[in-house]
Asks: 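Would you mind keeping the following structure in view while I ask a few things?
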Protein chains: 4
Amino acid sequence: MSHQIATLAERKPAKKGTQTAHRVRRAALKLFARQGYAAVSMRQIATEVGVQPGALYNHFSTKQEILKDLMLSHMRDLLEAWQEHAANTDRPSDPLEAFVTFHIRHHLQRTEEVFISYMELRNLESQNFSEVEVERRRYEAILTAILEDGVKRGVYRIKETRVATRAIIAMLTGIPTWYRESGMLSAEQIEAIYLDMVHGSVSAMPLSPARKNR
Amino acid sequence: MSHQIATLAERKPAKKGTQTAHRVRRAALKLFARQGYAAVSMRQIATEVGVQPGALYNHFSTKQEILKDLMLSHMRDLLEAWQEHAANTDRPSDPLEAFVTFHIRHHLQRTEEVFISYMELRNLESQNFSEVEVERRRYEAILTAILEDGVKRGVYRIKETRVATRAIIAMLTGIPTWYRESGMLSAEQIEAIYLDMVHGSVSAMPLSPARKNR
Amino acid sequence: MSHQIATLAERKPAKKGTQTAHRVRRAALKLFARQGYAAVSMRQIATEVGVQPGALYNHFSTKQEILKDLMLSHMRDLLEAWQEHAANTDRPSDPLEAFVTFHIRHHLQRTEEVFISYMELRNLESQNFSEVEVERRRYEAILTAILEDGVKRGVYRIKETRVATRAIIAMLTGIPTWYRESGMLSAEQIEAIYLDMVHGSVSAMPLSPARKNR
Amino acid sequence: MSHQIATLAERKPAKKGTQTAHRVRRAALKLFARQGYAAVSMRQIATEVGVQPGALYNHFSTKQEILKDLMLSHMRDLLEAWQEHAANTDRPSDPLEAFVTFHIRHHLQRTEEVFISYMELRNLESQNFSEVEVERRRYEAILTAILEDGVKRGVYRIKETRVATRAIIAMLTGIPTWYRESGMLSAEQIEAIYLDMVHGSVSAMPLSPARKNR
DNA sequence: AATGAATGAGATTTCATTCAT
DNA sequence: AATGAATGAAATCTCATTCAT
């Protein structure tokens with residue numbers, strides 16, 4: 001019950017008109033992801049929905065509002081999903097693993113939202129940008145906290161947990177950009193590979209020989 | 001230092017007009033990086049150059065051609081720079097370190113080109129896209145080869161070198177997206193942090209305790 | 001009186017917007033006839049209609065489409081008018097006279113359409129050209145049939161009815177190019193003169209003395 | 001053998017530069033005939049000549065001047081050729097035949113000039129239009145005189161010689177519009193057909209039965 | 001006589017948005 | 001809630017022409 005778009009359809013099932021708003025979001029999501037916000041016209045969205053352009057304005061007051069809606073609901077959805085996931089999981093022996101697994105699974109199911117969220121930030125007007133940033137930082141804070149806890153517990157060796165947070169999220173978030181093409185690996189395999197890499201990247205460990213004598 | 005744009009200006013210094021093409025590139029680079037290809041108008045570029053819009057067409061036949069020029073020369077520049085770098089370096093004790101260091105340094109000096117190269121791929125028409133892809137794969141192949149060699153030598157423990165290549169490059173390439181803002185860390189510090197993380201992510205090592213008993 | 005433009009206005013009289021399409025046709029007709037298709041801008045048409053240029057695209061998707069519409073409806077109108085004319089006329093004692101009279105009268109009332117139809121053929125894109133050509137040939141075939149029938153009946157002496165068809169139509173269609181200027185002759189007088197000339201040009205008759213001994 | 005374009009090249013054979021003016025005329029002639037004056041750009045002409053657009057202005061001060069040059073020289077050429085033709089011919093037994101034959105032959109060799117001369121009149125600025133009109137009327141006057149003489153001599157039966165002049169010239173001038181396509185008839189055959197038709201159209205003759213009782 | 005670059009105007013078309021119905 | 005038509009601005013690109021070289 002966490003993705004807003006799906007949610008909307010579920011929550012207000014009967015009201016005929018609301019379906020249109022939903023379909024506008026779906027259409028915009030698809031088109032923004034493929035062509036980018038600036039390159040998509042309201043006409044295209046309307047055509048995809050099967051409606052005249054003017055009709056869109058019954059549901060969103062501007063094109064910008066559609067973008068904001070998509071990005072904000074993606075972030076809130078992500079946070080909500082994490083909370084649900086965390087609530088439903090016993091205290092995990094390895095919180096980082098829990099986070100990485102969650103992140104990969106969640107993102108691989110929402111490649112379009114992910115794309116938009118990382119590419120269209122600059123097209124958000126500043127007020128909307130701020131709102132989205134709040135959510136983004138909230139999400140990053142989750143990982144940062146996990147890392148800091150690990151450092152305290154002596155299992156991770158990280159100089160700058162904020163930097164590490166970004167590095168890890170960038171690495172993970174890059175997956176959907178190429179995942180589509182490579183049919184060779186299952187989502188589970190990718191998950192395992194990235195899990196290993198993330199672990200390695202932050203774990204306290206003997207330095208590699210080449211860096212030892214620095 | 002063989003960046004093509006700079007190079008062009010050096011090679012044909014006298015002819016007054018050629019400078020304009022150079023300035024168009026610079027202007028487009030700046031604007032595309034900031035606003036995105038689709039959101040930048042030829043008028044804006046012309047204004048930035050200090051010329052009427054029509055004059056741009058003496059140097060580039062379409063807006064698309066400017067984008068292609070920027071992206072292709074960035075990739076070729078990157079490859080050329082790597083070759084130069086590799087040629088000038090003694091066989092390094094740690095090739096991965098050499099690559100990561102090179103990549104970070106090169107990219108941190110070209111944040112705009114990097115931004116464009118990873119964000120505007122979808123705005124390339126298919127023919128141009130193909131040309132750029134060729135270069136991109138060539139660059140990825142360098143890292144993949146380093147990783148495979150490391151695996152053979154037993155120093156890296158990697159299941160899928162192609163996947164690891166992408167993960168590492170995504171991680172590193174993400175730096176310029178946030179580097180600007182954070183004034184707290186020097187380029188050297190960032191370099192060190194990422195180097196450690198990359199090493200950890202691929203090195204043969206004892207598994208972290210949490211994963212040991214799997 | 002079945003001219004399509006007029007007809008359209010009659011058929012869909014109420015809907016406000018449809019009138020605009022009609023007015024666009026009228027404006028384009030006038031301007032194309034005066035200045036030629038290539039020399040008329042969409043802005044000019046819009047101004048003539050009393051609307052912003054963009055509004056034209058609610059009714060015609062390109063400038064070319066306006067031209068096609070005008071030329072095609074002119075030809076179809078002509079054919080339709082002939083059929084109506086032929087249906088309403090008793091089997092005429094002289095079909096050629098019926099045709100020539102019809103042609104002159106019809107064309108003298110539509111000087112602008114005639115002008116465009118004979119001048120702007122080369123500005124039709126090939127697909128549209130073909131469509132118009134089909135109608136044109138259909139119209140020429142009417143005259144050719146009349147001439148061939150006359151030849152069979154022995155009243156006309158024509159070597160190549162296809163060539164004669166073109167010669168006669170060229171002669172008649174030339175009228176509107178100068179008719180405007182010369183106020184000295186009534187339409188009826190012109191009709192009589194041309195009728196005589198056409199008759200003479202195809203009739204079986206004693207050769208002129210000069211050509212007798214060839 | 002007096003066509004101006006050909007002539008220019010012959011008269012001033014050595015001067016290298018003049019050849020360019022000649023080639024500009026040839027290129028413009030071809031392009032104007034095919035696409036129409038308004039639809040042809042100076043760039044296209046320059047490309048056809050193999051030169052940069054600016055270079056055209058060393059030979060013609062405006063695009064309009066090229067058109068005027070082409071049209072005026074065509075008309076003067078026509079008149080000059082007629083005079084030469086008339087001078088070299090013994091007083092013909094049938095002056096109309098001489099004229100028609102001359103007209104058809106001259107025009108069939110200059111389809112592009114003919115096309116332009118009858119299609120681009122409206123694109124001449126008024127001063128240039130007047131100059132061309134003077135020549136056109138001079139040429140029409142030749143035919144009118146022949147017709148009037150024939151009327152006086154009782155061999156032609158024409159109500160309005162000015163109207164007949166236009167009708168005949170329109171008929172003859174239409175030939176090049178379709179001649180290209182029809183490979184079935186030789187120029188001589190066409191000549192014979194039209195000669196017959198012209199003769200018929202103006203000759204004193206028994207009325208066709210259908211018109212007798214008017 | 002020709003080039004390469006520029007201008008200033010204007011071409012067709014598209015855009016986000018509005019609004020009466 | 002949707003349509004069809006409109007607006008006003010702006011998009012990319014082309015135009016005839018000019019001019020220093």
Side-chain angles (χ1 to χ4, degrees), chain A residues 15-21 24 38-46 49-66, chain B residues 14-21 38-46 49-66, chain C residues 14-21 38-46 49-66, chain D residues 15-21 24 38-46 49-66:
Chain A
K15 288 198 180 171
K16 197 183 57 181
T18 313
Q19 280 189 330
T20 302
V24 172
V40 172
S41 73
M42 291 297 266
R43 260 175 182 72
Q44 272 178 87
I45 297 173
V49 173
V51 109
Q52 290 302 112
L56 301 180
Y57 291 85
N58 288 324
H59 307 282
F60 297 88
S61 64
T62 62
K63 185 183 169 191
Q64 171 75 201
E65 203 190 87
I66 304 179
Chain B
K15 287 200 179 175
K16 194 188 67 179
T18 312
Q19 282 184 330
T20 302
V40 172
S41 74
M42 291 299 264
R43 235 185 271 280
Q44 274 178 87
I45 298 173
V49 172
V51 111
Q52 292 301 112
L56 301 180
Y57 292 85
N58 287 324
H59 307 282
F60 298 89
S61 62
T62 60
K63 185 184 168 190
Q64 170 76 198
E65 206 191 86
I66 303 179
Chain C
K15 288 200 179 174
K16 193 189 67 178
T18 312
Q19 283 184 329
T20 302
V40 172
S41 73
M42 292 298 266
R43 234 184 273 281
Q44 274 178 86
I45 298 173
V49 173
V51 110
Q52 292 299 115
L56 301 179
Y57 291 84
N58 287 324
H59 307 282
F60 297 89
S61 63
T62 60
K63 186 184 169 190
Q64 170 76 199
E65 204 190 87
I66 303 179
Chain D
K15 288 197 181 173
K16 199 183 55 180
T18 314
Q19 279 188 331
T20 301
V24 172
V40 172
S41 72
M42 292 296 266
R43 259 175 181 73
Q44 272 178 89
I45 298 173
V49 173
V51 110
Q52 292 300 112
L56 302 180
Y57 292 84
N58 288 323
H59 306 282
F60 297 88
S61 63
T62 61
K63 185 183 168 189
Q64 170 76 201
E65 204 190 87
I66 303 180

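Each chain gets a letter, A, B and so on, in the order the sequences are listed, and its residues count up from 1. Bear in mind the structure is a predicted one, so any value in this text is a computation, not a measurement.
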Asks: Could you state the atom-to-atom distance from CE of C:Met42 to P of F:dA9 in whole Å?
Replies: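 Atom CE in C:Met42 sits about 20 Å away from atom P in F:dA9.
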
Asks: Expressed as a whole number of angstroms, how long is the span from B:Leu56:CG to E:dA6:C1'?
Replies: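 Taking CG of B:Leu56 and C1' of E:dA6, I get 11 Å after rounding.
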
Asks: Could you say whether A:Val51 or B:Val40 is positioned toward the 5' end of DNA chain F, judged by the nucleotide with the nearest heavy atom to each?
Replies: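 Its nearest nucleotide being more 5', the pick is A:Val51.
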
Asks: For the pair made of CZ in A:Phe60 and C1' in E:dA16, what is the distance, rounded to whole Å?
Replies: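 Rounded to whole Å, this separation is 16 Å.
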
Asks: For F:dA2, does either OP1 or OP2 sit under 4.0 Å from a side-chain N or O belonging to A:Thr20?
Replies: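 Yes, because at least one side-chain N or O of A:Thr20 sits under 4.0 Å from OP1 or OP2 of F:dA2.
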
Asks: Below the 4.0 Å mark, does F:dA11 have OP1 or OP2 next to a side-chain nitrogen or oxygen of B:Arg43?
Replies: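 B:Arg43 to F:dA11 OP1/OP2: side-chain N or O found under 4.0 Å.
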
Asks: Given atom CD1 of B:Ile45 and atom C1' of F:dT12, what is their separation to the nearest angstrom?
Replies: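 Interatomic distance, CD1 of B:Ile45 to C1' of F:dT12: 11 Å.
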
Asks: Please determine, for E:dA20, whether a Watson-Crick or G-U wobble partner exists with both distances under 3.5 Å, and give it or none.
Replies: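 Pairing partner, where one exists within any strand: F:dT3.
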
Asks: Which atoms form the tightest heavy-atom contact between D:Val40 and D:Gln44, and what is the distance?
Replies: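 Residues D:Val40 and D:Gln44, closest heavy atoms: CA-NE2, 3.6 Å.
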
Asks: Whole angstrom is fine here: how far is it from CD in B:Gln64 over to C1' in F:dT12?
Replies: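 Result: 13 Å.
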
Asks: Any base atoms under 4.0 Å from A:Val49, or only sugar-phosphate, or nothing? Heavy atoms, all strands.
Replies: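 The answer is nothing, as A:Val49 stays clear of every strand by at least 4.0 Å.
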
Asks: Considering Watson-Crick and G-U wobble pairs with both distances under 3.5 Å, what does F:dA9 pair with?
Replies: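 Base-paired to E:dT14.
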
Asks: Which comes earlier along DNA chain E counting from the 5' end, the contact point of C:Pro53 or that of B:Gln52, where each point is its nearest nucleotide?
Replies: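 Looking at the nearest nucleotide for each, B:Gln52 comes out on the 5' side.
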
Asks: Applying a 4.0 Å non-hydrogen cut-off, can you work out what D:Thr62 is touching in the nucleic acid: base, sugar-phosphate, or nothing?
Replies: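 The residue D:Thr62 makes sugar-phosphate contact but no base contact.
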
Asks: Closest to the B:Tyr57 side chain: F:dT12, E:dA16, E:dT7?
Replies: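 Selected nucleotide (nearest to the side chain): F:dT12.
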
Asks: For the residue pair A:Phe60 and A:Val24, what are the closest heavy atoms and their distance?
Replies: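 Shortest heavy-atom separation between A:Phe60 and A:Val24 comes out as CE1-CG1, 3.6 Å.
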
Asks: Check whether any side-chain nitrogen or oxygen of C:His59 sits under 4.0 Å from OP1 or OP2 of F:dG4, and answer yes or no.
Replies: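 Indeed not, no polar side-chain atom of C:His59 lies that close.
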
Asks: Of all heavy-atom pairs between B:Pro53 and B:Arg43, which one has the smallest distance, and what is that distance?
Replies: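 Where B:Pro53 meets B:Arg43 most closely, the heavy atoms are CG-CG, 3.8 Å.
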
Asks: Of the candidate nucleotides E:dA2, E:dA6, F:dA2, which contains the atom at the shortest distance from the side chain of D:Asn58?
Replies: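 Given the options E:dA2, E:dA6, F:dA2, the side chain of D:Asn58 is closest to E:dA2.
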
Asks: Measure the spacing between CD1 of B:Ile66 and CD1 of B:Ile45 and express it to the nearest 0.5 Å.
Replies: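 Separation between the atoms: 4.5 Å.
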
Asks: Rounded to the nearest 0.5 Å, what separation is found between the NE2 atom of D:His59 and the CD atom of D:Glu65?
Replies: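 Here the interatomic distance stands at 12.0 Å.
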
Asks: Assuming nearest nucleotide by heavy-atom distance, tell me which of B:Gly54 and C:Ala38 is located more 5' along DNA chain E.
Replies: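 The answer here is B:Gly54.
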
Asks: What nucleotide among E:dA6, F:dT12, F:dT7 has an atom nearest to a side-chain atom of B:Ser41?
Replies: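 Nucleotide nearest to B:Ser41's side chain: F:dT12.
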
